[in-house]
Amino acid sequence: MIDVREPIIVEFPLRGEWYSPNTPGTKIPSHGTNQLGSRYAYDFIQVDWERKGWPAYRVSLAQYLLFGVLLDEYYCWGQEVYAPCDGIIVQAEDGYKERTRTKLLSDMSNAYKNAHYFDPKKDDIQSVAGNYIIIECGDNVYAGLVHLQTGSIQVSVGQSVKKGEVIGRVGHSGNSFAPHLHFQLMDSSDIAIANGLPLAFEQYELFNNGIWENVNNGIPTNKDRIRFQKSNDGNKLKLHKVSPYGKVNNFSNIIELSCTDS
């Protein structure tokens, strides 16, 4: 069946410049699976756009490969995470310890173990999600913000939050190769059984030919340099109207449709 559902519009959950290596703007499922509500999920990191390969860390590639990288050497670790919608906190799980540094081989081993042996019926979801927050944004619409920094969650179950309110910080907890924010919408508050829901971002800016251009209701691809500031910054920028799951480039908007699993 062709998936033509309209994306749900939410506010971008971060501030400043970001890059999405895994995004439904490039492929669906964005993470290669429909499990754990991740069909339309995004990963967000910060990178050095001036260095070859757009590294997410301050150290050299050789140091990353040989010795690993301490978490505070990653540009995005500890950055504030914001509520993408008005809603109610239905889950807020903190206290899951982060590994102190990234190590390629051990991180790959951990990811392989979780991908092949994790059983949502008996295993702790935090071994995959780490520290996470789930917000009820509406009827059968839940926002999941995952892999948060240990001790950073600033909300509790039952609390009402407003769009744009600080709720935690970007971390490296759970099944994470490197510090990043994993963000998704789901039809259930239970990650283990949830189905992913398509989403787009109400507003952000795209760096295009040396100019920051405004995007409304957009879905970034894995080639896009994007940023989001406070909505009251007052900058008047060129508008792009982006079709659901369309790519923004110099030429046209291309609609990508995906077949759901049978």
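Just so it is clear, the structure is predicted and the values come from calculations on it, not from any experiment. In this chain, residues are counted from 1 in sequence order.
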Asks: Taking only distance into account, with no hydrogens and no angle test, what donor-acceptor pairs under 3.5 Å do side-chain atoms of residues 93-100 form with protein atoms, sequence neighbours excluded?
Replies:
unit_1	atom_1	unit_2	atom_2	d
D94	OD1	G151	N	2.8
D94	OD2	G151	N	3.4
D94	OD2	S152	N	3.4
D94	OD2	I153	N	3.2
E98	OE1	T150	N	3.1
E98	OE2	W77	NE1	3.0
E98	OE2	H172	N	2.7
R99	NE	D107	OD1	3.3
R99	NH1	G174	O	3.3
R99	NH2	H172	NE2	3.3
R99	NH2	S176	O	2.6

Asks: Do E17 and Y75 touch side chain to side chain, with heavy atoms closer than 4.5 Å?
Replies: no

Asks: Decide yes or no for I125 and Y132: does some side-chain heavy atom of the first lie under 4.5 Å from some side-chain heavy atom of the second?
Replies: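 Side chain of I125 against side chain of Y132, heavy atoms only: contact under 4.5 Å found.
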
Asks: Any heavy-atom pair between the side chains of L104 and L65 that's under 4.5 Å?
Replies: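 They are in side-chain contact.
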
Asks: Return yes if some donor-acceptor pair links the side-chain N/O of Q159 with the main-chain N/O of S156 below 3.5 Å, else return no.
Replies: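 Yes: the side chain of Q159 pairs with the backbone of S156.
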
Asks: Test of understanding: with disulfide bond (SG atoms under 2.5 Å apart), list the residues that count as partners of C76, not counting sequence neighbours.
Replies: none

Asks: Is the backbone of A41 close enough, under 3.5 Å, to the side chain of S30 for a donor and an acceptor to pair up by distance?
Replies: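 Yes, S30 side chain to A41 backbone: donor-acceptor pair under 3.5 Å.
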
Asks: Taking the side chain as C-beta and beyond, is there a heavy-atom pair between L61 and P55 under 4.5 Å?
Replies: no

Asks: Distance from L206 atom CG to N214 atom CG, nearest 0.5 Å?
Replies: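 Going from CG on L206 over to CG on N214, the span is 10.0 Å.
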
Asks: Should W49 and Y19 be marked as a ring-ring contact (aromatic ring centres under 6.0 Å, His included) after you check the CA-CA gap, both sets of side-chain angles, and the distance that decides it?
Replies: CA-CA 10 Å; W49 296 96; Y19 169 66; 5.7 Å; yes

Asks: Any chance you could lay out the side-chain contact (heavy atoms from CB on, under 4.5 Å) test for F201 and Y42, step after step, and finish with the verdict?
Replies: CA-CA 11 Å; F201 296 109; Y42 295 82; 3.6 Å; yes

Asks: Filter on ring pair (Phe, Tyr, Trp, His ring centres under 6.0 Å), then keep only pairs touching residues 133-154, sequence neighbours left out; what's left?
Replies: H147-H180, H147-H182

Asks: Do the side chain of Q184 and the main chain of L36 share a donor and acceptor less than 3.5 angstrom apart?
Replies: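 Side chain of Q184 to backbone of L36, a donor-acceptor pair under 3.5 Å: yes, one is there.
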
Asks: Quick one: OG on S188 to CD on E136, what's the gap to the nearest 0.5 Å?
Replies: 10.5 Å

Asks: With a 4.5 Å cut-off on side-chain heavy atoms, are N216 and Q203 touching?
Replies: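 A side-chain contact under 4.5 Å exists here.
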
Asks: Distance-only, no hydrogens or angles: does the R15 side chain make a donor-acceptor pair with backbone N or O of F12 under 3.5 Å?
Replies: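 Flag set: sc R15 to bb F12 pair under 3.5 Å.
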
Asks: Per the side chain to side chain donor-acceptor pair (under 3.5 Å) rule, which among R227, R225, Q229 passes with E205?
Replies: R227

Asks: Quick one: are I226 and F44 in side-chain contact, heavy atoms under 4.5 Å?
Replies: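 Counting from C-beta outward, I226 and F44 do come under 4.5 Å.
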
Asks: State which residue, out of L199, D43, V146, fulfils the side-chain contact (heavy atoms from CB on, under 4.5 Å) condition with F183.
Replies: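 Answer to the side-chain contact (heavy atoms from CB on, under 4.5 Å) test with F183 among L199, D43, V146: L199.
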
Asks: Would you compute the distance between atom CG of L71 and atom CZ of R101 and round it to the nearest 0.5 angstrom?
Replies: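 Here the interatomic distance stands at 9.0 Å.
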
Asks: Nearest 0.5 Å, what's the CG-CG distance between L181 and L148?
Replies: 6.5 Å

Asks: Any side-chain heavy atom of I28 within less than 4.5 Å of one from R39?
Replies: yes

Asks: Go through the steps to decide whether V170 and V81 satisfy the test side-chain contact (heavy atoms from CB on, under 4.5 Å), and finish with yes or no.
Replies: CA-CA 6 Å; V170 175; V81 176; 3.8 Å; yes

Asks: Would you please test L197 and N140 for side-chain contact (heavy atoms from CB on, under 4.5 Å) and show each step?
Replies: CA-CA 10 Å; L197 298 174; N140 300 314; over 6 Å; no

Asks: Any chance you could measure Y74, atom OH, to T102, atom OG1, to the nearest 0.5 Å?
Replies: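 Output value for this atom pair is 2.5 Å.
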
Asks: Quick one, I135 and P84 - any side-chain contact, counting heavy atoms below 4.5 Å?
Replies: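 I135 vs P84: side chains touch.
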
Asks: Rounded to the nearest 0.5 Å, how far does OH of Y204 lie from CG of L14?
Replies: 13.5 Å

